[in-house]
Amino acid sequence: MKPINNHEIQFCSLEPCHFERVLALGNHVHGDNYLNEEGLEKLFTQSFQNNVNASFVSLKGDKIIGFRLTIAANNWQPDEWCTPLQWNTPAEQVCYFKCNTVDSNYRGAGIGSKLLSLSIQKAQEQGASAGLAHIWLASPGNSAFRYFSKCGGKLIKRHPGKWQSSCFEDGYICPICNESCECVAAEMLLNF
């Protein structure tokens, strides 16, 4: 990878004009059908609270090289993959970090950390005091877990098969398991 000139990288709030490029990068990195247009539109709407958007993209020129999708606190419901009694934070003050994605040619340059920092700032403006994520433990070199831990995320619980229903319902194809994802998700909480 050639050195990245950080002056060439721009960060801005996610907007509908970014959707096509976000879908392409997300499905390239996370597997086919990880994101779809309808789901991304819903995530975009859920990113807002009090007219503040907590989701961001990073661009180099017109190319999306990273994005962070964040659902505002109160715009999502904990499900069977969540253990709110172990959060020590009221659920209504917890935003949800859906995903942080960086093009493999730009990883290691602080883009993911900057996207997280921007989302945290906006989530706090929305009233959140923590963020929950389900971290993909099968990421290459377990980099997702290491990254989120380094940022302050604490492991709450491991959830085998978290994305399996997405395979059956949405046609998700895991880049590790293919059509029947057995990957383990680490439920992690990051207090602000």
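Hydrophobic clustering (ILVMFWY, side-chain heavy atoms < 4.5 Å, transitive): L118 and L190 are in distinct clusters. Under the 4.5 Å side-chain contact rule for hydrophobic residues, Y34 and F97 do not share a cluster. In this structure, L116 is a member of the same hydrophobic cluster as M188, with clusters built from ILVMFWY side-chain heavy atoms closer than 4.5 Å. I176 and I135 fall into different hydrophobic clusters, where Ile, Leu, Val, Met, Phe, Trp and Tyr side chains are chained together by heavy-atom contacts under 4.5 Å.
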- Message: Does S180 form a side-chain hydrogen bond (donor to acceptor under 3.5 Å, both in side chains) with Q164? I'd like the steps, not just the answer.
- Response: CA-CA 6 Å; S180 181; Q164 194 169 64; 3.2 Å; yes
- Query: Taking it one step at a time, do H30 and T101 satisfy side chain to side chain contact (heavy atoms under 4.5 Å, CB included)?
  - Reply: CA-CA 8 Å; H30 300 291; T101 304; 2.6 Å; yes
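Distance alone, capped at 3.5 Å, is enough to place a donor-acceptor pair between the S58 side chain and the G66 backbone. Looking at R158, its side chain never comes within 3.5 Å of a backbone N or O of L137 through a donor-acceptor pair. Side-chain N or O atoms of S55 include one that pairs as donor or acceptor with a backbone N or O of T70 at under 3.5 Å. Without hydrogens or angle criteria, R68 side chain to S117 main chain gives no donor-acceptor distance under 3.5 Å. A donor-acceptor pair under 3.5 Å is absent between the side-chain atoms of N27 and the main chain of D32, judged by distance alone. The closest donor-acceptor contact from the side chain of S119 to the backbone of A54 lies under 3.5 Å. Of the possible polar contacts, one joining the W76 side chain to the V94 backbone as a donor-acceptor pair under 3.5 Å is found.
Taken from CG in N191 to NZ in K154, the straight-line distance is 9.0 Å, to the nearest 0.5 Å. I156 CD1 to C82 SG: the interatomic distance, rounded to the nearest 0.5 Å, is 10.5 Å.
Nearest heavy atom pair, residue R107 against residue V29, reads NH2-CG1, 3.6 Å. The shortest non-hydrogen separation linking P175 to G31 is CD-CA, 3.9 Å. Contact detail for F145 and A186: the closest heavy-atom pair is CD1-CB, 4.2 Å. Residues S13 and H18 approach most closely at O-CE1, 3.4 Å, considering heavy atoms. Contact between C12 and L59 at its shortest, heavy atoms only, is SG-CD1, 3.5 Å. Across every non-hydrogen atom of S113 and C151, the tightest pair is OG-SG, 4.4 Å.
With a 4.5 Å cut-off between side-chain heavy atoms of Ile, Leu, Val, Met, Phe, Trp and Tyr, the cluster of W81 takes in none.
Applying the side chain to side chain donor-acceptor pair (under 3.5 Å) definition to pairs two or more places apart or across chains, those involving residues 125-141 are Q93-S129, Y96-H134. Counting only residues at least two apart or on different chains, the salt bridge (Lys or Arg N to Asp or Glu O under 4.0 Å) pairs with a member in residues 78-103 are K63-D103. Each ring pair (Phe, Tyr, Trp, His ring centres under 6.0 Å) pair with one or both residues in residues 48-75, not counting sequence neighbours, appears once here: F44-F48.
Judged as a side-chain hydrogen bond (donor to acceptor under 3.5 Å, both in side chains), and not counting sequence neighbours, Q49 has no contacts.
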Would you tabulate the side-chain donor-acceptor contacts of residues 35-43 under 3.5 Å, counting partners in other chains and residues two or more places apart, or write 'none'?
| unit_1 | atom_1 | unit_2 | atom_2 | d |
| --- | --- | --- | --- | --- |
| N36 | OD1 | E38 | N | 3.3 |
| N36 | OD1 | G39 | N | 2.6 |

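Remark: the E187 side chain and the T83 side chain contain an N/O donor-acceptor pair separated by less than 3.5 Å.
One finds a salt bridge joining K60 and E8 here, because a Lys/Arg side-chain nitrogen approaches an Asp/Glu carboxylate oxygen to under 4.0 Å.
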